[in-house]
Amino acid sequence: MAYFEKLGNTLTFREDGETVRVEPWQRDSLRVRACMLGEIQEESIALLEPEPCEAKIVIENELKASITNGKITAVLEVQPWGKKLRITFLNQKGEVLLREIANGGALCLRAHDFKTLPGGNYRLKVSFDADPKEKIYGMGQYQQERMNLKGCNLELAHRNSQASIPFYVSSLGYGFLWHNAAVGEVHFGTNTTEWVARSTKQLDYWITAGDTPAEIEEHYADAVGKVPMMPEYGLGFWQCKLRYYNQEEVLNIAREYKKRNIPLDVLVIDYYHWPRCGDYRFDEEYFPDPKAMVAELHEMGIETMVSVWPQVDTRSENYEEMKQKGLLVKSNAGIDVQMLFHGNNVFMDATNPRTRKYVWEKCKQNYADLGIRTFWLDEAEPEFGTYDYECYRYAAGPVEEIGNMYPREYSRLFYEGQKANGQEDIVNLVRCAWVGSQKYGALVWSGDIFSSYEDFRKQICAGLHMGLAGIPWWTTDIGGFHGGVTEDPDFQELLVRWFQFGTFCPVMRIHGCRQPGKNIVNKAGEVREWTGADNEVWSFGEKNYEILTKFIRVRELMRDYTRSLMAEAHEKGTPVMRTMFYEFPEDGPCWDITDAYMFGPDILAAPIVYAKATSRRVYLPKGASWTLASTGEVYEGGKSYEIEAPIETLPLFLRDGKQSYLIGRI
């Protein structure tokens, strides 16, 4: 009986209605697909077409076969009880990287568990044996103060401040992509790892082997795409707050930065500068001459970023046309109201190519043609009011089946529009991402987090995981979004510590909903979105002003270095903000550090992440010497040290004396 068949460069298994195909997909990598009662679907939701590579396929007998591509081998075995397939992945040394679960004999378990749903899709669970000593990193952005994800249960869905990107790097020497955009969950247990898709047509995952985390990451970037080159205006400081509500305020802030000779690359105009969500234009009452505003900002060397939301208010000037043309997300039942905020809102459908064309044409006319070259793509999950994903449908399919692709298609909308408009230096700030978002110029920020030390610590973990998940452009709201009171000394301390961290993030951007706010009422007597308290670097007292401006100038000093990190990200997919083990994989303690990291290969940042702290313990990896930037003192690697850090500075170390221009500047 022939269970296995070699078809060209692929190995196929068939039994009892299931078809499984394993094939090479980029260097040292394999793609596994399986379906029930049909043929394998050929399309790819995120993986790029692979470079040609020749696999070695061996069919040993009717019960066992293998396929090898470089450093990875998949061994396929038919189990005697029930004839179920089990796949084991090995590295070039013959060591087990990952193995699907056995059927357990009389237990009749299934590594590929397809449960039929009405309409023809399946609820799918795929299970693997788990090594309890394995350490797992990546998976996008989850709001938790944890680096090793072993033992975690994660929702495969997006929320405000949560970006689910189902790729991880294992300490065992492999990377794994769950190549499925369905809403679901993953359980990284100590006995098994279980991936669940609520609704899908087939199984699809990708696995790669590498000798180092860097090699694994580069394989992944080759498979799903790399970021463009970061524009020059992405290397400096960005000023933002909720919200600069009129043209005069925007220009006054920019003029003050120039007057004080403080470097400023981008000034951000937040939401509700429009009349209604879905109007995609400036409100004439508050921005009477936006073209002149943008021109003046450009004369000062400042880029203008404007917020765009995917919500369309039912009162918007574009709502009826978008509804008639089928450009909106559909509710499966009831009234199409998907978020309540300043009115009844429905989301535009970014998965629909006609929607992308329509929305870009509006934004081109009302923003890009004024000289605006960078956009803030807020609400990108999208933020359904209750996150009941089963209630909604996109043009590309039901949200339960393909919903996680939405933020990527939102970034795609603007990137492709800007490209068609002749723009090359593209970066757009976006609140969520999925596999492949990076190739559309997506700079992800970590959402509406709170102004607390706990949330501050979580952002360090989030940024490191996002880098490993393939998103090298990442940032936070410096100071947090909710709850910061501008004149509160405790908040000012937090903001300074966060600002120091932000200096050594891929992009340095201050933002927040500062208290106390001020209500805005238009000429018609309508209450508009309010504006928060001051959030500029001179808003927090003279002493803090000196510290904040010092770090803006430190960021400027690093411009050549930061540009080189962005070039690495563009060329190889390398994270800008890196876990310690990424640079020092042989140093065991580096795999467990949650509150310090590498900014590129040469700079180790150890932010102060607890209130009132003026020192902290820092582990310095072995294999290098480390110069403390604030003093020039040299420390031996492979040890931990208690480092003094008054409010004016943070522990920042330079590897083997590199980037020595920072000594005495921190």
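The first residue in the sequence is number 1, and the count goes up from there.
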Inset, instruction - Count the heavy atoms belonging to other residues, nucleotides or ligands that lie under 6.0 Å from CD of E248, then report whether that count exceeds 12. - result: no
Inset, instruction - Identify which one of E568, M566, M230 satisfies the side-chain contact (heavy atoms from CB on, under 4.5 Å) criterion when paired with V576. - result: M566
Legend entry - Whether W274 and Y271 hold their rings parallel, tilted or perpendicular, with breakpoints at 30° and 60°: perpendicular
Inset, instruction - Please determine, by modelled atom types, if Q659 and Y661 share a side-chain donor-acceptor pair under 3.5 angstrom. - result: yes
Legend entry - Polar contact flag, side-chain donor to acceptor under 3.5 angstrom, T476-W498: yes
Inset, instruction - Please find out if less than 6.0 Å separates the ring center of H158 from that of Y406. - result: no
Inset, instruction - For atom CZ of R665, decide whether the heavy atoms of other residues, nucleotides or ligands shown that lie under 6.0 angstrom number more than 12. - result: no
Legend entry - NZ or CZ of R243 within 45° of W376 ring axis and under 6.0 Å: no
Legend entry - Other residues, nucleotides, ligands: >12 heavy atoms within 6.0 Å of E546 CD: yes
Legend entry - Test item: D477 side-chain N/O and D448 main-chain N/O as donor-acceptor pair under 3.5 Å: no
Legend entry - Which atom of G479 lies closest to which atom of L495, heavy atoms considered: CA-CD1, 4.2 Å
Inset, instruction - Using modelled atom types only, decide if a donor and an acceptor are shared between the side chain of D265 and the backbone of P263 within a distance under 3.5 Å. - result: no
Inset, instruction - Evaluate the side-chain proximity of M339 to E383: yes if any heavy-atom separation is below 4.5 Å, no if none is. - result: yes
Inset, instruction - Measure from the ring center of F341 to the ring center of W309 and say whether it is less than 6.0 Å. - result: yes
Legend entry - side chain to side chain donor-acceptor pair (under 3.5 Å) partners of residues 284-293, not counting sequence neighbours, each pair once: R281-E284
Inset, instruction - Compare every heavy atom of R553 with every heavy atom of N261, then report the nearest pair and how far apart it is. - result: O-NH2, 2.9 Å
Legend entry - Ring center gap for F347 and Y410 short of 6.0 angstrom: no
Legend entry - Aromatic ring proximity F375/F414, centre distance under 6.0 Å: yes
Legend entry - Within the 6.0 Å centroid threshold, strictly below: Y597 and F504: no
Inset, instruction - Please determine if R528 forms a cation-pi arrangement with Y245, meaning its NZ or CZ atom is less than 6.0 Å from the six-membered ring centre and no more than 45° off the ring axis. - result: no
Legend entry - Donor on one side chain, acceptor on other, Q459 and Q143, under 3.5 Å: yes
Legend entry - Selection residues 358-376 - residue pairs positive for salt bridge (Lys or Arg N to Asp or Glu O under 4.0 Å), sequence neighbours left out: E303-R373, K357-E361, K364-D369, R373-D425
Inset, instruction - Might you confirm whether atom NZ of K419 has over 12 heavy atoms from other residues, nucleotides or ligands at distances under 6.0 Å? - result: yes
Inset, instruction - Check whether any side-chain N or O of W474 sits under 3.5 Å from a backbone N or O of L464 as a donor-acceptor pair, and report yes or no. - result: no
Inset, instruction - Check the angle between the aromatic planes of F282 and H273 and answer parallel, tilted or perpendicular using the 30° and 60° thresholds. - result: tilted
Inset, instruction - Under the ring pair (Phe, Tyr, Trp, His ring centres under 6.0 Å) rule, what do Y257 and W538 come out as? Steps first, then yes or no, please. - result: CA-CA 10 Å; Y257 269 97; W538 53 80; 4.7 Å; yes
